[in-house]
Colleague: 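Handing you a structure now.
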Amino acid sequence: MPNIFPKSANLVPLKAAVAMGLMAASAVAGVTYYFTQEYTRAGYMPIQPAPFSHKLHVGDLGMDCRYCHNAVEVSAHSNIPTTESCMACHTQIRPDSPKLAPVRKSWQSGLPIEWVRIHKAPDYVYFNHAVHVARGVSCVSCHGPVDRMEEVWQDKSQSMSWCLDCHRAPESALRPLQEVYQMDWTAGAGQQELGKKLKEAWEVQPSTNCGACHR
């Protein structure tokens with residue numbers, strides 16, 4: 001009886017096994033990379049065009065975050081401070097400092113300083129700063145101890161699972177509204193109890209539905 005299939009058909013199971021193995025390896029590699037620091041950018045600290053110490057301005061001098069990021073309470077986005085914001089102080093304070101040369105150049109030319117963005121949600125993710133700070137979520141919860149950073153870095157992974165952890169248990173992050181911008185404030189061991197009271201009082205019920213962030 002003649003063979004129905006050609007001899008080359010004997011290699012089909014082997015080719016299928018190799019293809020499935022490659023697909024499985026790619027899936028494992030992709031998922032593994034998703035949880036690495038390279039993907040989440042945790043620890044990312046680029047060189048900025050002008051040195052700005054948050055430790056000095058926020059930690060030592062006690063400047064309020066809203067002086068520079070003045071749209072954070074009313075906008076979905078936290079704005080980058082303008083050159084005018086810097087020069088409001090530095091026309092009087094150390095106006096000739098070599099470190100401020102890029103700022104003075106921007107001031108004279110009218111061209112904005114090209115700050116390197118550090119925190120950036122993907123285009124398919126919706127995040128509203130104003131909504132979060134209005135319900136007691138501090139800058140520290142997402143950006144880390146900014147008041148101790150000479151140069152700002154991305155302190156948290158800000159991955160989807162990281163966001164969902166907070167949405168599922170917001171009491172871990174909630175604090176009184178008057179303490180939202182106090183970088184060194186902490187409720188200590190009483191955080192969970194305080195957080196639960198604030199959650200109930202403000203009726204905080206963060207959605208874990210995909211449509212809440214992926215609009």
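The basis for the numbers below is simple: all heavy atoms, side chains too, and nothing from hydrogens, waters or symmetry mates. Note that this is a predicted model, so its numbers are computed, not measured.
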Colleague: When hydrophobic residues are tied together by side-chain contacts of less than 4.5 Å, even through go-betweens, does Y44 share a cluster with M149?
Modeller: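 Yes, same cluster.
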
Colleague: Does the side chain of V133 reach to within under 4.5 Å of the side chain of Y181, using non-hydrogen atoms?
Modeller: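 The answer is yes; the side chains approach within 4.5 Å.
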
Colleague: Around atom CD of Q192, are there more than 12 heavy atoms of other residues, nucleotides or ligands at under 6.0 Å?
Modeller: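 More than 12 heavy atoms, drawn from other residues, nucleotides or ligands, come within 6.0 Å of this atom.
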
Colleague: What's the spacing between T91 OG1 and R104 CZ if we round to 0.5 Å?
Modeller: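 So the OG1 of T91 and the CZ of R104 are separated by 12.0 Å.
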
Colleague: For atom CD1 of I47, decide whether the heavy atoms of other residues, nucleotides or ligands shown that lie under 6.0 angstrom number more than 12.
Modeller: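 Check fails, neighbour count at 12 or below.
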
Colleague: Roughly how far, to the nearest 0.5 Å, is CZ of F52 from NZ of K55?
Modeller: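 Reported to 0.5 Å precision, the distance equals 13.0 Å.
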
Colleague: Decide if atom CD of E179 counts as having more than 12 heavy atoms of other residues, nucleotides or ligands within a radius under 6.0 Å.
Modeller: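 Yes, the 6.0 Å shell around CD holds more than 12 heavy atoms from other groups.
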
Colleague: In Å and rounded to the nearest 0.5 Å, what is the CD to NE2 distance from Q154 to H119?
Modeller: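 Answer rounded to 0.5 Å: 5.0 Å.
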
Colleague: Quiz question: by atom type and distance under 3.5 Å, do the side chains of S53 and E151 form a donor-acceptor pair?
Modeller: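 Checked: S53/E151 side chains show no N/O donor-acceptor pair below 3.5 Å.
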
Colleague: Only one of R135, K197, K199 clears salt bridge (Lys or Arg N to Asp or Glu O under 4.0 Å) with E171; which?
Modeller: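 Checked R135, K197, K199 against E171; only one passes salt bridge (Lys or Arg N to Asp or Glu O under 4.0 Å): K199.
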
Colleague: So, do W162 and C142 sit near enough that their side-chain heavy atoms are less than 4.5 Å apart?
Modeller: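 W162 reaches C142 side chain to side chain.
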
Colleague: Applying the 4.5 Å side-chain criterion to the ILVMFWY set and letting contacts propagate, would V137 and W202 be lumped into a single cluster?
Modeller: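 The answer is yes; both residues are in one hydrophobic cluster.
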
Colleague: Are more than 12 heavy atoms, taken from residues, nucleotides or ligands other than Q205, located less than 6.0 Å from that residue's CD atom?
Modeller: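 Open: at most 12 neighbouring heavy atoms sit under 6.0 Å from CD of Q205.
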
Colleague: Do W107 and E84 make a side-chain contact, defined as non-hydrogen atoms from C-beta onward lying under 4.5 Å apart?
Modeller: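 Yes, side chains in contact.
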
Colleague: Taking the side chain as C-beta and beyond, is there a heavy-atom pair between P176 and W185 under 4.5 Å?
Modeller: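 With C-beta onward as the side chain, the pair touches.
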
Colleague: Do the side chains of L177 and L194 join up, straight or via other hydrophobic residues, at under 4.5 Å, putting them in one cluster?
Modeller: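 Same cluster.
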
Colleague: Can you classify the ring geometry of H143 versus H129 as parallel (below 30°), tilted (30 to 60°) or perpendicular (above 60°)?
Modeller: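 The rings of H143 and H129 lie parallel, inter-plane angle below 30°.
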
Colleague: State whether the side chain of H54 and the backbone N or O of D147 hold a donor-acceptor pair below 3.5 Å, judged by distance alone.
Modeller: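 Flag not set: sc H54 to bb D147 has no pair under 3.5 Å.
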
Colleague: Is there a side-chain contact between P46 and I118, using heavy atoms and a 4.5 Å cut-off?
Modeller: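 With C-beta onward as the side chain, the pair touches.
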
Colleague: With rounding to the nearest 0.5 Å, note down the distance linking CD1 in I113 to OG1 in T83.
Modeller: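 Spacing of CD1 (I113) from OG1 (T83) equals 4.0 Å.
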
Colleague: Answer with yes or no whether the side chains of S141 and S138 bring together a donor and an acceptor at under 3.5 Å.
Modeller: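 S141 and S138 do not have a side-chain donor-acceptor pair below 3.5 Å.
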
Colleague: Aromatic rings H167 and H132: how do their planes relate, parallel, tilted or perpendicular, breaks at 30° and 60°?
Modeller: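 It falls in the tilted class, 30° to 60°.
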
Colleague: From Q191 CD over to K196 NZ, what is the distance, rounded to the nearest 0.5 angstrom?
Modeller: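 Answer for the CD-NZ pair, Q191 versus K196, is 11.0 Å.
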
Colleague: Is it possible for you to say whether L56 and V103 belong to one hydrophobic cluster, with membership spreading through side-chain heavy-atom contacts below 4.5 Å?
Modeller: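 Shared cluster, no.
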
Colleague: Compare all side-chain heavy atoms of Y67 with those of C89 and state whether any distance is below 4.5 angstrom.
Modeller: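 Contact flag for Y67/C89 side chains = yes.
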
Colleague: Taking the side chain as C-beta and beyond, is there a heavy-atom pair between V58 and M183 under 4.5 Å?
Modeller: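 V58 reaches M183 side chain to side chain.
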
Colleague: Does any non-hydrogen side-chain atom of H214 lie less than 4.5 Å from one of V125?
Modeller: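 They are in side-chain contact.
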
